[in-house]
Amino acid sequence: QAKPALTEIKISYQPALYWALPFFVATEKNWWGELGLKPEFSTFPAGVPQIAASASKSWDVGGTGSVPAVLGYVRFGIKTIGISNDESAGNALLATPKAAEAFATNPQSLKGQTIVLTGNSTGDYAVQSCLKKYGLAKTDVVIKNMGQGEIISAMSSGNADFGGLWAPNIYTLEEKAGAKVICSGKDGGAFVPGALIVRGDYAKENPQNVAKFLAVYMRAWKWMNANKPQAIVMMKKFYELGGVSISEASMKKEFDTRPNYDLATELKIMDSTKGLSQADVWFNSIAAFMQSTGAIQTVPAANEYLTDEFLKMVNADKKLREFANNSK
Amino acid sequence: MQGYGNGKLYQHILQSVILVTSGFLVSSSLGILLGILMGANKKIEAFVNPIFLTLRPIPPLAWIPLAIVWLGLGNSAKIMVIYVAAFVPAVINSFTGVRSIEAPQREAAAMLGIGRLAYYREVLIPGALPFIFTGLRLSLQASWTTLVAAELVGATLGLGSILNQAAQDINPAMILVGMISVAISGWLMTQLLAKAESYAMPWRA
Amino acid sequence: MMANNEYLNRGESVLWTSMGIASFISFWYLMVTLDLVPKQFLPYPHEVLSKFIHLLTEPFSGFTLWTHIASSFLRFSYGFLLAALIGIPLGLLMALSKYANQLITPFFESIRFVAPIAWVPFAALWFGTGIGGPILVIFMGAFPPVLINTYRGAIHVDKKYLEAARMLGAKKFRLMAEVLFPASIPSIIAGLRISAGLGWQSLVGAELIVASSGVGYMMVKGQASIQTDIVMSGMIAIGLIGLLIDVLLRQAEKFAIHYKEI
Amino acid sequence: MADIVFDSVQRSFKQGGKEFLAVGDINFTVKDKEFVAIVGPSGCGKTTCLRMVAGLEIPTKGRILVGDKEVKGPGPDRAVVFQQFALFPWKTVQQNIQFGLKSMSMSIAEKQEKTARLVSLMGLDGYEQAYPHQLSGGMQQRVAIARAYVLEPEVLLMDEPFGALDAQTRVVMQEELVRLARKNPKTVLFITHSVEEAVYLADRVVVMSRRPGLIRDVIEIKPIREKEGWDTHSRIEDVMDLNSFVKLRSQIWKLLREQSLGVDH
Amino acid sequence: MADIVFDSVQRSFKQGGKEFLAVGDINFTVKDKEFVAIVGPSGCGKTTCLRMVAGLEIPTKGRILVGDKEVKGPGPDRAVVFQQFALFPWKTVQQNIQFGLKSMSMSIAEKQEKTARLVSLMGLDGYEQAYPHQLSGGMQQRVAIARAYVLEPEVLLMDEPFGALDAQTRVVMQEELVRLARKNPKTVLFITHSVEEAVYLADRVVVMSRRPGLIRDVIEIKPIREKEGWDTHSRIEDVMDLNSFVKLRSQIWKLLREQSLGVDH
Ligand SMILES: Nc1ncnc2c1ncn2[C@@H]1O[C@H](COP(=O)(O)OP(=O)(O)OP(=O)(O)O)[C@@H](O)[C@H]1O
Ligand SMILES: Nc1ncnc2c1ncn2[C@@H]1O[C@H](COP(=O)(O)OP(=O)(O)OP(=O)(O)O)[C@@H](O)[C@H]1O
Ligand SMILES: O=[N+]([O-])[O-]
Ligand SMILES: [Mg+2]
Ligand SMILES: [Mg+2]
């Protein structure tokens, strides 16, 4: 039997992030080829250069954070075609051990403190939700903007007591500097979705490939949920490739605290036939936050860039549906 | 114009000018001192050179973690990052300046029986001044070009932080505003330096 | 008294050099031992050294240090060569033609204050993951010094050489190629040395764009996972390669001005 | 025919914002194949005159004709030997001599042959591959002269060509130049500070006055040289001891002295 | 007493890895208040000899005594006027002249007065606040001489001090130097390439031979100058026309010529 020619698809992600693990697993398992795809990966250190690179068609599809997903739509017409996972627990406000203790006895001790965070990110979003939860206004604390690496340096050397981080930086700081999560986005009542994205014109030209991409992605989660121990081994390998080494316990925590979805759930979350979908609500809230930071001028309606068209294509095609739901 | 990133444009410019000026002053005064000592004394040169030459290519960005660890999140850490970049041209040019003083002048000083301190004051330093000022111009440039890196250290105000945030927001117009402000401020400070230069070297008029 | 004339013989020079290195390393040990800097952020020199050696064979972030260095060096070379290939002829042209000079100078005199890494967003927008991005950033760092030094060198070329060449019937191209260029080589090389340093430094910025390999990328990753020994290994690698590039350029200079007595 | 005609030539410069006349109205003709030397106080405009003939400077008023054609710019028909020899330090002796030939249309063999001839004429054999810094001042000057001669220019312009040489080398070069000039005469304009050199070399000596540079006097040497048979002496010091020589020298010295009162004050 | 004694002095240099003897065994004494000129082919070691007296170079063998004390290093008792004037470009005329006085113990008024005296002696009035680059070559050289004279050294060392001047300025400076030397004699060692200058200025002329530099001959000038009454003429060209002068000049020329055979080849 002659192999059908493979279609190339350019996939972008950020290394050593939980939601990117399915790309790695699918490659190890050689699932792309089964659907006639030949993936070509490019990786970016952060969401911003990633979506900026779409301007030069450096990639076709990929995964990213919800903030860059919104920015990607506003600047470059990037569409969100699915939710990679629930990142709410993966974005959190951390404190050094002493500060965490003080906070535990009196949350109001946060008032007047300096919080270092990466401005206009999902981490920022989670921190804002936490402030709200404890009845603090943005002006009750001093916010300093810096990159995740600088935050880690500042907190672990005692130059900052509070910081907004996302996984796996959270684990690094917990493990190597004894910092404590004092409030995650989840605790703050914020929902932080991760986004699966596609370039607007690629989606128009190659809808079939986009559907196949989603099918592969969902099969990978399906398999990992069914085979945790092997999944952890893969995760370790994947993280190390990205220069991250965290403990097995932290890796387990990744699965425990950051739910992912199967095809049926995805369809439900993205379903906007009865008004705003669940995902629309999440993204509208993120976009409103971004407007408040000045990153965007107006809040785009979520249903302009969120689409379940490709999820539906997967569901409608028997082969793809079975592929996506295959846990082996 | 409307504010962006926690402040009005003039506040950002002011903050950056303060940072650049401080970094520039610290690095150039120390750099000139070291450069002159190295130029005047071969032992000091041999002592310092290997370390200097190895540390020199390390980008200011790479010093950020250490700057945070040592100096915290305030202005001093930012100044240190600028210092690292602006120090190098000050040293190299002062060194070259001292070495460029030609034998006839050195020998004339010797023949006229001048003491060591006076030799530094009357011959070495004025003789090296043209190079020292070239070094200062380059240091000033380095101070400005390191601003973006320096303001990665938890800045709330400053042109570097505007550039960082505009990059984060993928806002090319704002990036250009930042770049143009940097370019104009740098150019203006160079003009000031040129004034100082012609004041310090009346014989070059 | 005539401090400049002090001459060190070989022994003295080795002695003072090793004393310099030794006191640097002792100072480093002292800082760690006295806990002036948390060990997490400043490991002992020998620990860094062993990590450095380790990284040469064991991959970190997917690649060994050699591979990181190689990919950094490749990007650097493209950007640096481009800066030289454009900067040198342009500088010569500016020296020869008032018009070119007046056209380019104002633009150039202001843009040189803009940080090379400030171009990163444009690099990402224009070139995406292509090699063009890092090249743009390195180029922005490396270009000004080559251009300035070539120009400065060329305008200070003794007029007598230009006049002699014109007397002998040489026109614009030959004036640039056979007179201005060779006469400004020392200045050009000095510019290239500064360029190489700045270009190499801009690399870390450039490697923020394409996160897959490179010394800068390795250091960013090391920092994010609080592995200071990896960051410092990167610093050492960058320092040593910078030193190597400088030595090579100085050799090139010696070769290029072989016609002078040394 | 390659005479040099100064036709009411003036040249002024801006200095410190003010125009000042460096060379005031010069009318003079250097005849074909004549050797004319110019002497005059420092700053009187000798070099400016020569540079105008070379085309490196243009007259503010008047014009300069070389062989009936007005000078518009530099060209290999009027070769210059500068005071600082202006050899290209980055080129070998051979490459220096060949520089001007490059832009001429002739076969490579011909270029090689011309170069070789001048190398041996100037006694530079064996030094073809040497760089200028490896040569003594006298040899460098011979390369500079060869570089000019190889173009076979009709006009040779020399601006204190021996000024940088030591006294002994200088006399050797002067004797060589006299030999060349008598054997293969060209139209030569020669600037010097040395009255002895001017009298020894030239057919006529032009004495210029200080600012604005004007022609003060023109002294005929050739008739006396031929009458007194200077050329029968091969050594300059023998010529310099002759009475006819001493007289001409003193005459020119006195003319110069009148100019130099107040020099540099 | 400030005589200069060369006691079996040799000086060698490393060049291209090899030692070579630049100055071979020199034995000679410049007497107190005597004016000695040195002539010799280029590279024969004249400058090296003078630099050894100045203490800027040390003999490889032998020793140099100035006023019975061995020379160990430079000092204001032996003032040097270099060929390149070596003025400090960043100091005014006045500051340059005062430079050497700074380390001397005398009142400021006295320093001012000495400086003012030399300024006017050298005809520099009005230029006290000028920087060297604003002066002509001749004026710069006068500043360099004033800077040396103001120290009232017992020994004056001059290395082709007029080499860079044009002929007219040069004669003015030569006449001034003669006037100074006769009025206020010092021990002077004077290097020149000009035989005329040596004969005109010196009490004795030393002719050196080429490598290794040795003393070829010493010619007494003073007795003849005094006998023939040269000093009664105030103008150099009048002296140069005298038979006694021409004879001495030719004698020295011939000695030099012998050296310069094969020069530069
Ligand atoms: N390019 C110029 N710009 C302004 N002034 C000039 C320029 N060239 C020459 N001069 C002035 O013109 C005058 C004549 O100069 P020129 O060089 O022709 O004199 P010269 O007779 O050759 O003197 P020297 O004997 O010292 O070489 C001088 O005063 C000089 O300063
Ligand atoms: N520092 C030095 N190192 C090596 N060689 C030297 C040094 N100084 C002088 N020489 C050599 O010593 C010789 C004598 O040089 P010196 O300068 O004394 O000659 P000079 O008689 O003054 O020549 P000129 O008339 O050209 O000034 C020359 O061959 C010169 O190259
Ligand atoms: O993916 N983000 O960098 O938020
Ligand atoms: Mg002239
Ligand atoms: Mg000499």
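Values below: every heavy atom of this structure, side chains too, minus hydrogens, waters and symmetry copies. The sequence lines fix the lettering, A, B, ..., with proteins before strands; numbering per chain opens at 1.
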Q: Any donor-acceptor pair under 3.5 Å linking the side-chain atoms of D159(E) with those of T47(E)?
A: yes

Q: Side chains of E122(B) and I114(B): does their closest heavy-atom pair fall under 4.5 Å?
A: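 Yes. Closest side-chain heavy atoms under 4.5 Å.
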
Q: Side chain from CB out, backbone as N, CA, C, O: work out which of these in L157(E) comes under 4.5 Å of a heavy atom of chain B, or both, or neither.
A: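 Neither the backbone nor the side chain of L157(E) comes within 4.5 Å of chain B.
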
Q: Is it the case that R11(E) places NZ or CZ above or below the six-membered ring of F13(E), under 6.0 angstrom from the centre and within 45 degrees of the axis?
A: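 Verdict for F13(E): a cation-pi partner in R11(E).
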
Q: Just do the salt bridge (Lys or Arg N to Asp or Glu O under 4.0 Å) check on E128(E) and K91(E) with the steps written out, would you?
A: CA-CA 10 Å; E128(E) 292 88 342; K91(E) 291 184 177 286; over 6 Å; no

Q: Side chain, backbone, both or neither: which part of R78(E) has a heavy atom under 4.5 Å from chain B?
A: backbone

Q: Between chain B and each of F99(E), Y131(E), F88(E), W90(E), count heavy-atom pairs under 4.5 Å; write down the option with the most.
A: W90(E)

Q: I'd like to know which of A144(E), A54(E), P89(E) tops the heavy-atom pair count under 4.5 Å against chain B.
A: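 Counting heavy-atom pairs under 4.5 Å, the top option is P89(E).
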
Q: What residue in G73(E), S103(E), G55(E) has the most heavy-atom pairs under 4.5 Å with chain B?
A: S103(E)

Q: Heavy-atom distances under 4.5 Å only: say whether A108(B) touches chain E with side chain, backbone, both or neither.
A: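 For A108(B), the contact with chain E is made by backbone and side chain together.
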
Q: What's the verdict on salt bridge (Lys or Arg N to Asp or Glu O under 4.0 Å) for E45(B) and R99(B), showing C-alpha distance, side-chain angles and the deciding distance?
A: CA-CA 12 Å; E45(B) 186 201 351; R99(B) 286 291 159 84; 3.2 Å; yes

